[in-house]
Amino acid sequence: MVAGDPEAQAPLDAPQTGARSRRELLSAGALAGAAVLVTGCTSKVAPPKTITLPKRGAAVKRDVRVLNGLLAQEHRAVAAYTASIPLLPQPAPAPKDSSSPAPSAPPSNDPPPALQLQVPLASAAAARFLSQELAHVRELSGFIQQVGAHPVKPALSYDLGHPQTKQEILLLLESVEQAQLAAYLKATTMLSPGKLRAAAAAIYANHAQHISLLRFELGLRPIPSPFVTPAVESKGTPA
Amino acid sequence: MTGAGQSRRQLIAGGLGVAAAAAGAPALATAKDATTANMPSNPAHDRRVLEKLLDTERLLHFAYQQAISYGKLGHASQEIVALLLDQEFAHTRALNARLASLPPAPSTRRSSTKRHPFPPAKVTGLFKQIKTETGALGAVVEIENLAESSYFMAIAQLHNPALITLATQILANEAQHWTLLVSLLHKGRPEAAVPHPSVRGSQHLRPLKTP
C-alpha cells in the first residue's frame, strides 16, 4: 500500500482481485481530495495567536528541527488515513422512503435504560481522526512559519505495507499513531518555550485518544495503562 | 488479539489488574531516555506544580467516588468507573513518588499558604445536581476537563524533564478517560468522543445538561 502525491500517478499496491482497479481509483481519488485539503490548508496557515515564539536564539533552530520532525510524522499519518478510509466498511445508506417520520414512543415512568459502550463505526472514526491530523499539520506549520522557517512538505509516497482486511488496516493506523506518540513524547522535553511544550503535549493526548478508539475497534483494552507510553521507541529524528 | 467469547466489557475490566501493576514503571523507564532543552532546574517550583497536580487528582478521586456512591450506575458504567478510578490512584502514587525525590519545601511556606476548602463548593454543587446515570458520568467528565487543564498548564511550568514526561503521559491518560466516558454517554459517536485536535481541558465547570 503506497500513499502519496496523486499528481505523481503513483498507483496503490492493491490486492490481486477483480476489484483492484476500483480500489485504486477510490484510493487515488481520496488522495487527490486529501492532497487538495492539505495543500490548501498549509498554504493559508495563520500563525497560532496564543503562543508567541522567539525568532532568534540557539533554541529556535533546535525547536524548528523538532517541530519539522513532528510535522513529517503528521504527513505520514494523513497519508495513512487517507489511503485507509475508503478501504474500511462504509456506513449503510439511509433508507430512501423517509418522508413520514417514525412515531415517537409514548412517555414512560420507567427509568432510562443503562448506558452501554458502543463501538464506533471505523470509517467514521478514521475520518474524524484524519481531520484532526490535518489540524495538527496546520498548527505545527504555523509554529514553524511564525519563526520564519519552512515547514517540511509531505513525502512523494509512503510505504504503508499491504493491509487487506479491516483488522490489518486498523493495525496499520494504530502503528502510525504509536510512532507519533513516540515522537511527541520525546519532543515535549526538547522544545524550549513552556507553552510550545504544552502544545505538543496536548497533541500527544489527542493521539492517545485516537489510539484508545482504534484499540477498542480492534477488540483490545482501550486504556491499558494509567501512563500513556508509546509501544515503540521513537525512530523519528528531527528533520 | 482476544480470546473466544471474551466480551468488550471483559476487555475493559481486564485492564484493572494490569493498570495497578504498571503504576509508575512506564513513566520512569521513559523519563531516563529524555533529552532536555537546557531548561534551568527549579526543584522548588516543580514541587509547587506537583502539589497542585496532587490536588487535581484528589478532585478526580472525589468525582469518581461520588459517581460510584450515587448507586445507580449500570453495569458497564460501574466497570469503567472502577477501572478509571484505579488509574487515578496510580497517578497519585507516581506523583507522590516524584515529590518525595524533590528537596523538601521550607517548613513555613505551605503552612502560610491559604488552604481552600475541599472539595470546592462549585464541585460539590455539581454533584448535588445528579439525578441519573447520565448526570453522574457527565459530572465526572466535567472534572476530567478540569484535570486536563491542570496538566496542560503544569507541562508548560515544569522544569524537570522526567516530570514533564510524567505529566504528559498522565494528561494523555486523562484524555483517554474523557473519551471513554463520553463514548459511553454518546453511543460511541467519534465526533463526540474526540471533538478537538488538541487536548487542553477547561478551567471552568459547566452546568450539567442532563443531571
Side-chain angles (χ1 to χ4, degrees), chain A residues 59 62-63 111-121 124-125 127-129 131-133 135-136 139 167 181 184-186 188-195 197-213 216 218-230 233, chain B residues 1-2 8-9 11-12 14-15 18-19 22-23 26-27 30 34-38 74-77 80 83 87 90-91 94 132-134 137 148 152-153 155-157 161 164-166 168-173 175-177 179-180 183-185 187-191 193-194 196-200:
Chain A
R62 177 187 170 129
D63 286 346
L115 295 172
Q116 295 291 334
L117 201 55
Q118 298 186 21
V119 183
L121 186 63
R128 184 79 188 165
F129 299 164
S131 74
Q132 295 182 338
E133 307 298 358
H136 300 159
E139 185 171 0
Q167 181 177 329
L181 280 192
Y184 274 94
L185 191 62
K186 193 168 184 175
T188 54
T189 58
M190 297 174 72
L191 293 167
S192 305
K195 287 187 176 181
R197 284 202 301 277
I203 298 177
Y204 179 85
N206 182 232
H207 286 300
Q209 291 175 310
H210 294 180
I211 282 183
S212 66
L213 288 188
F216 194 47
L218 285 163
L220 303 171
R221 281 178 285 117
I223 312 179
S225 168
F227 309 98
V228 177
T229 306
E233 289 296 313
Chain B
M1 289 283 291
T2 66
R8 291 190 187 278
R9 185 177 301 170
L11 286 168
I12 293 166
V18 173
T30 305
T35 54
T36 69
N38 294 324
H75 191 52
S77 295
I80 288 171
L83 167 67
Q87 294 192 338
H91 298 164
T132 62
E133 179 183 17
T134 300
L137 296 182
E148 287 171 354
F152 174 73
M153 290 191 295
I155 289 163
Q157 295 163 359
I164 292 169
T165 297
L166 176 61
T168 301
Q169 290 177 303
I170 297 177
L171 168 63
N173 186 235
Q176 291 179 323
H177 290 185
T179 287
L180 191 61
S183 279
L184 188 55
L185 288 166
K187 299 180 181 176
R189 285 171 41 229
E191 63 273 22
V194 195
H196 304 298
S198 181
V199 178
R200 303 181 179 210

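Letters A, B, ... mirror the listed sequences (proteins, then strands); counts begin at 1. Everything quoted here is computed from the prediction, not taken from an experiment.
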- Task: Indicate, with yes or no, if the rings of A:His207 and A:Phe129 have centres closer together than 6.0 Å.
- Result: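 Judged by ring-centre distance (under 6.0 Å), A:His207 and A:Phe129 do not meet the cut-off.
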- Residues A:His136 and A:Glu139: side-chain donor-acceptor under 3.5 angstrom: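 Their side chains do not contain a donor-acceptor pair, so the 3.5 Å distance test is not met.
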- Winner by heavy-atom pair count (cut-off under 4.5 Å) against chain A, out of B:Leu184, B:Leu137, B:Ile170: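 Greatest number of close heavy-atom pairs with chain A: B:Leu184.
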- Item | Option in B:Gly74, B:Pro197, B:Gly188, B:Pro190 with maximal non-hydrogen atom pairs under 4.5 Å from chain A |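 Max contact count across the listed options: B:Pro197.
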Toward chain B, the part of [X] with a non-hydrogen atom under 4.5 Å:
{"X": "A:Leu115", "answer": "both"}
{"X": "A:Ala59", "answer": "neither"}
{"X": "A:His210", "answer": "side chain"}
{"X": "A:Ala199", "answer": "both"}
{"X": "A:Tyr184", "answer": "neither"}

- Message: Counting heavy-atom pairs under 4.5 Å with chain B, which one of A:Gly194, A:Ala202, A:Ala124 comes out on top?
- Response: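 Ranked by contacts with chain B, first place is A:Ala202.
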- Pick from A:Ile211, A:Val228, A:Leu213 with the largest number of heavy-atom pairs that fall under 4.5 Å of chain B: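 Heavy-atom pairs under 4.5 Å are most numerous for A:Val228.
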- Message: How long is the straight-line distance from OG of A:Ser212 back to CG of B:Leu180, given to the nearest 0.5 Å?
- Response: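 The OG atom of A:Ser212 is 7.0 Å from CG of B:Leu180, to the nearest 0.5 Å.
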- Message: Can you tell me how far apart CD1 (B:Ile80) and NE2 (B:His177) are? Round to the nearest 0.5 Å.
- Response: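 These two atoms lie 11.0 Å from each other.
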Taking side chain as C-beta onward, heavy atoms only, is [X] less than 4.5 Å from [Y]?
{"X": "B:Ser183", "Y": "A:Leu117", "answer": "yes"}
{"X": "A:Phe227", "Y": "B:Gln87", "answer": "no"}
{"X": "B:Phe152", "Y": "B:Val199", "answer": "no"}

- For B:His196, is it the side chain, the backbone, both or neither that has a heavy atom under 4.5 Å from a heavy atom of chain A?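 Looking at B:His196, just its backbone touches chain A.
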